[in-house]
There are 2 protein chains.
Amino acid sequence: MPRPREFDEDRVVLAVRDAFWDQGYAATSMDDLLRVSGLGKGSLYGAFGDKRRLFLRVLREYDDANLRGLRERLGSAARGVDMVREFVLGVADDPTGAAARRGCLLANSTAELATSSPDVAAEARRSYEAITAILTEALERAQREGDVDPDAYAAEVARAVLAAQLGVVALGRTGMDVAVLTEVARSALARLLPAPSP
Amino acid sequence: MPRPREFDEDRVVLAVRDAFWDQGYAATSMDDLLRVSGLGKGSLYGAFGDKRRLFLRVLREYDDANLRGLRERLGSAARGVDMVREFVLGVADDPTGAAARRGCLLANSTAELATSSPDVAAEARRSYEAITAILTEALERAQREGDVDPDAYAAEVARAVLAAQLGVVALGRTGMDVAVLTEVARSALARLLPAPSP
DNA sequence: CGAATTGTTGACCGTACCGTCCAGAACACC
DNA sequence: GGTGTTCTGGACGGTACGGTCAACAATTCG
């Protein structure tokens, strides 16, 4: 009996995500969101609730997509160590530097909102723990494959790798030269992944 | 001939800094700043200009104080490597975790504003380059003192250490357990600072 | 004491904010 | 075709926003 939706929820979430990503949460107005989504006020509020709820949904979907992508890359990587390296080096992959300047929506949001919004902080913990688990798995595989020192504690290395990646993300946001950024990622990786004694 | 100021500029800058630090730039209103500074509107605008100018001044003074502190610690450290270790471990120093949750004003601001404000991005580049230089000096001293592999390229290690510290700062902001955060810092340091072959 | 200069206060302006609400439109089912 | 249900668009309200301004206060110098 009901009237059907005229819009695709996923498209709206993506459009809204980009707005939050580029401007930050507080600096993005509801008018901005209406503009980029193309919806009217009643539709947006009816389908997603207020600004805060919409943002949290966008953030969760962003994180979930991100985790799915990492698991896929782990599954398809030739070697476990490749996935770990790509995780860090990928931050500086775009030669124009645009992706690095944009950074990560989760990292940006955590920095902006963690103090005032426990939900965002909790989401960040959830996401980073999941990433750590994936990296740990990748590193354990790398140990079996002989690419990483089997005596290292994989979970500990995973956390250090995550920290390094987050640092590279933070540096990328400053707009520093992409070549230098790549060098930072490369040198951090070289030291964090202990090579097996031959 | 003029009427003297009734307030201390430095106190105002510190109070305003705390407001921006805790709430972020966009979420802090001019009314908030008037409240925490205790000034009237005319005084604040007369002495510091608009919100944006005031923020940039606060950020610059924060950075300068930060760099001064690092140089002092380098000067007073018993060994160069101690200063480097303290730089990373200090993030998780507060056992209550409050300092870690608060994070770094520069890192928070860069994540929130780098896209929309070139001034903030430039300030971040300036600050991180200066920190890299200080860390490089500390690491070169550590090499002379026999605490770090003399064959390592100090500037490269310095950049990796900075990335690791920024990563720990980012993780700290999520409110994760301080003990775990300390372990992350410790394990990253252990791998980033190549010990000299004995 | 008077003139000149700067600091202070808070009223005021126009705008933009977020969220609600309602009248009408579009469909499904009978 | 009628009825019930949801969706849509925009008008509307109350508030808070950043910033300006003018009147008044405090001081220094002549």
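In the text below, chain A, chain B and the rest are named by the order of the sequence lines, each starting its count at 1.
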What is the distance from [atom1] of [X] to [atom2] of [N], rounded to the nearest Å?
X: A:R53; N: C:dC18; atom1: CZ; atom2: P; value: 17 Å
X: A:F48; N: D:dT8; atom1: CZ; atom2: P; value: 10 Å
X: A:Y45; N: C:dC21; atom1: OH; atom2: C1'; value: 13 Å
X: B:K51; N: D:dT20; atom1: NZ; atom2: C1'; value: 17 Å
X: A:Y25; N: C:dC17; atom1: OH; atom2: C1'; value: 12 Å
X: A:L44; N: C:dC21; atom1: CG; atom2: P; value: 17 Å

Exercise. What nucleotide among D:dT20, C:dG7, C:dG19 has an atom nearest to a side-chain atom of B:R5?
Worked result: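 Among the listed nucleotides, the one closest to the side chain of B:R5 is C:dG7.
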Problem set entry | Under 4.0 Å protein heavy-atom contact, by nucleotide of nucleotides 10-15 of chain C - B base, S sugar-phosphate only | BB----
For this session: Using five pairs at either end of the helix from C:dC1-D:dG30 to C:dC30-D:dG1, determine the angle between the two local helix axes and round it to 10 degrees.
Result: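 The helix from C:dC1-D:dG30 to C:dC30-D:dG1 shows an end-to-end axis angle of 0°.
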Please output the side-chain donor-acceptor pairs of residues 153-166 of chain A that fall under 3.5 Å, not counting sequence neighbours, one pair per line with the distance.
none

For this session: Give me the one residue out of B:L139, B:I134, B:L89, B:L74 that meets side-chain contact (heavy atoms from CB on, under 4.5 Å) with B:V84.
Result: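 Result for side-chain contact (heavy atoms from CB on, under 4.5 Å) with B:V84: B:L139.
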For this session: Look at the side chain of B:E112 and the backbone N and O of B:A26, then say whether any donor-acceptor pair between them is shorter than 3.5 Å.
Result: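 Answer holds: yes.
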Exercise. For the side chain of A:D32 and the backbone of A:S29, is there at least one donor-acceptor N/O pair under 3.5 Å apart?
Worked result: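 Side chain of A:D32 to backbone of A:S29, a donor-acceptor pair under 3.5 Å: yes, one is there.
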Exercise. Just wondering, do B:F55 and B:V120 contact through their side chains at under 4.5 Å, heavy atoms?
Worked result: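 Of all side-chain heavy-atom pairs linking B:F55 with B:V120, at least one is under 4.5 Å.
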For this session: Can you label the angle between the B:F7 ring and the B:F48 ring as parallel, tilted or perpendicular, going by 30° and 60°?
Result: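 B:F7 vs B:F48 ring planes: tilted.
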Problem set entry | Residue pairs passing the ring pair (Phe, Tyr, Trp, His ring centres under 6.0 Å) test where at least one lies in residues 110-138 of chain B, sequence neighbours excluded |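 Found none.
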Above 12 or not: heavy atoms from other molecules or residues under 6.0 Å from [atom1] of [X]?
X: B:R53; atom1: CZ; value: no
X: B:R126; atom1: CZ; value: yes
X: B:E137; atom1: CD; value: no

Could you give the side-chain donor-acceptor pairs of residues 171-180 of chain A under 3.5 Å, partners two or more places apart or in another chain?
residue, atom, partner, partner atom, Å
A:R173, NE, A:N108, OD1, 3.2
A:R173, NE, B:A111, O, 3.0
A:R173, NH1, A:R101, O, 2.6
A:R173, NH1, A:R102, O, 3.2
A:R173, NH1, B:T115, OG1, 2.9
A:R173, NH2, B:A111, O, 2.9
A:R173, NH2, B:T115, OG1, 3.0
A:T174, OG1, A:L171, O, 2.6
A:T174, OG1, A:M176, N, 3.3
A:D177, OD1, A:A179, N, 2.9
A:D177, OD1, A:V180, N, 3.2

Problem set entry | Positions of residues 26-36 of chain A (non-hydrogen atom under 4.0 Å from DNA chain C), listed by number |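 Close to the strand are A:T28, A:S29, A:M30, A:D31.
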